[in-house]
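If you're wondering where the values come from, they're calculated on a predicted model, not measured in any experiment.
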Amino acid sequence: MRRLFPVTDQTPAPPQDRADREWSLDELAEAYAYPVLGTDGHWLRANMVSTLDGAAQHDGRSQPISGETDMRIFGTLRALADVVVVGAETVRQEGYRPARAREAFAARRAAAGQGPAPAIAVVTARMDLDFSLPLFTSPLVPTLVVTGATAPADRVAEALKAGAEVVVAGDGAAVDPARAVRELAERGLRRQLTEGGPRLLGQFVAADALDELCLTISPMLAAGDAQRIAGGPSVTVPHRLAPASVLEEAGFLFTSYRRI
């Protein structure tokens, strides 16, 4: 792993920036640390992967375009978050399971006042979820279901029966992305991470609710008609982000862009 940005003036390069050396989990955690938040602050970052030609998936899943280091960063970002926000379609396609406690991050999470693992928050309007899955019946911390005020009452009851916490973040059936961020923050879940899918990320972008994008650029070409990392409604004026970090290993670029 080597750091390409920000550029340091140290010669020779610091040990962690050598291309032939794998970074430790502690070093990755430092590189991806959340900014310091005020008492009422919150930060929503997204973590996505894309091929060189813009495909966010292959055969409907992101795993085929990922790699070993990308998965280590994926795990690190989860371990730093209070909550992982994900769309219902991604839960169904990717076979989401509860986040697990990881001993390597236990001390860091305890020092930050966090529980043993992040909560999973599933954003859904129709509540079209299988509430018998371990994600709902046996998580380390209760899974949250984020929906609108007019969500089907019978499905809300099923979610509650399974042990999930229902969060209302919309006056109708649809979820208001910016309100979802605020509702989670009010529950103490202020370090937020979304893993998509593309439709949910597009909604966060359109609502101007995204603070940071961690994008892995995979050295692959996929062609076809795969989704981009963000879909859905367009914005009137594209949002500008500033580069915060670029790392490289085995041809993969691990980038971070933050709100200006």
Side-chain angles (χ1 to χ4, degrees), residues 1-3 5-6 8 10 14-18 21-48 68-86 96-122 134-135 138-144 146 163-165 167 180-196 204 209-216 241-247 249 254-259:
M1 175 84 78
R2 57 177 175 151
R3 185 189 305 274
F5 182 85
T8 70
Q10 293 175 273
Q16 67 269 30
D17 289 354
R18 284 172 24 204
R21 178 181 175 277
E22 181 180 271
W23 284 20
S24 70
L25 293 178
D26 277 341
E27 289 166 335
L28 288 176
E30 289 296 328
Y32 285 97
Y34 278 83
V36 177
L37 302 175
T39 55
D40 59 349
H42 50 73
W43 188 267
L44 175 64
R45 67 170 27 148
N47 181 34
M48 302 292 283
E68 182 179 350
T69 301
D70 184 44
M71 294 309 298
R72 294 181 77 234
I73 292 174
F74 172 91
T76 299
L77 293 178
R78 276 196 161 203
L80 296 175
D82 296 326
V83 61
V84 178
V85 188
V86 64
Y96 260 60
R97 298 184 64 83
R100 60 189 178 91
R102 300 182 61 187
E103 182 60 32
F105 296 97
R108 184 180 293 271
R109 289 187 65 86
Q114 297 172 301
I120 304 294
V122 185
L135 177 61
S138 57
L140 193 60
V141 293
T143 294
L144 301 100
V146 184
E165 178 182 347
V167 178
V181 169
R182 294 194 302 270
E183 292 286 346
L184 292 172
E186 287 176 4
R187 288 163 172 78
L189 305 173
R190 301 190 298 128
R191 303 174 190 89
Q192 301 171 4
L193 169 68
T194 180
E195 297 169 351
F204 281 129
L210 189 70
D211 297 298
E212 180 181 3
L213 172 63
C214 296
L215 175 64
T216 294
L241 302 180
S245 174
V246 181
L247 310 175
E249 184 170 290
F254 307 101
T255 73
S256 171
Y257 290 82
R258 292 188 170 187
R259 179 190 293 273

Student: Quick one: side-chain hydrogen bond (donor to acceptor under 3.5 Å, both in side chains) pairs with a partner in residues 99-112, sequence neighbours left out?
Tutor: Glu30-Arg108

Student: Output the distance between atom CZ (Phe74) and atom SG (Cys214), rounded to the nearest 0.5 Å.
Tutor: 12.5 Å

Student: Applying salt bridge (charged side-chain N to carboxylate O under 4.0 Å, His left out), name anything that partners Asp211, two or more places apart in sequence or on another chain.
Tutor: Arg259

Student: Please set out all donor-acceptor pairs under 3.5 angstrom arising from side-chain atoms of residues 79-86, sequence neighbours excluded.
Tutor:
| residue | atom | partner | partner atom | Å |
| --- | --- | --- | --- | --- |
| Asp82 | OD1 | Gln114 | NE2 | 2.7 |
| Asp82 | OD1 | Arg191 | NH1 | 3.2 |
| Asp82 | OD2 | Arg190 | N | 3.1 |
| Asp82 | OD2 | Arg191 | N | 2.8 |
| Asp82 | OD2 | Arg191 | NH1 | 3.4 |

Student: To the nearest 0.5 angstrom, please state how far the CG atom of Leu215 sits from the OG1 atom of Thr255.
Tutor: 4.5 Å

Student: Do you know the tightest heavy-atom contact between Val146 and Ala180?
Tutor: CG1-CB, 4.0 Å

Student: Tell me whether Arg187 is salt-bridged to Glu183, with the criterion being a basic N under 4.0 Å from an acidic carboxylate O.
Tutor: yes

Student: Less than 4.5 Å apart, any side-chain heavy atom of Leu247 and any of Arg3?
Tutor: yes

Student: On a heavy-atom basis, which atom in Ala99 and which in Leu140 lie closest, and how many Å separate them?
Tutor: O-CB, 4.2 Å

Student: Could you check whether Glu27 pairs with Arg21 (Lys NZ or Arg NE/NH1/NH2 to Asp/Glu carboxylate O, under 4.0 Å)?
Tutor: yes

Student: Quick one: closest heavy-atom pair of Pro142 and Ala119, and the distance?
Tutor: O-CB, 3.9 Å

Student: How close do Ser138 and Pro98 get, counting heavy atoms only, and between which atoms?
Tutor: O-CG, 4.0 Å

Student: To the closest 0.5 Å, what do you measure between CG (Asn47) and CZ (Phe254)?
Tutor: 10.5 Å

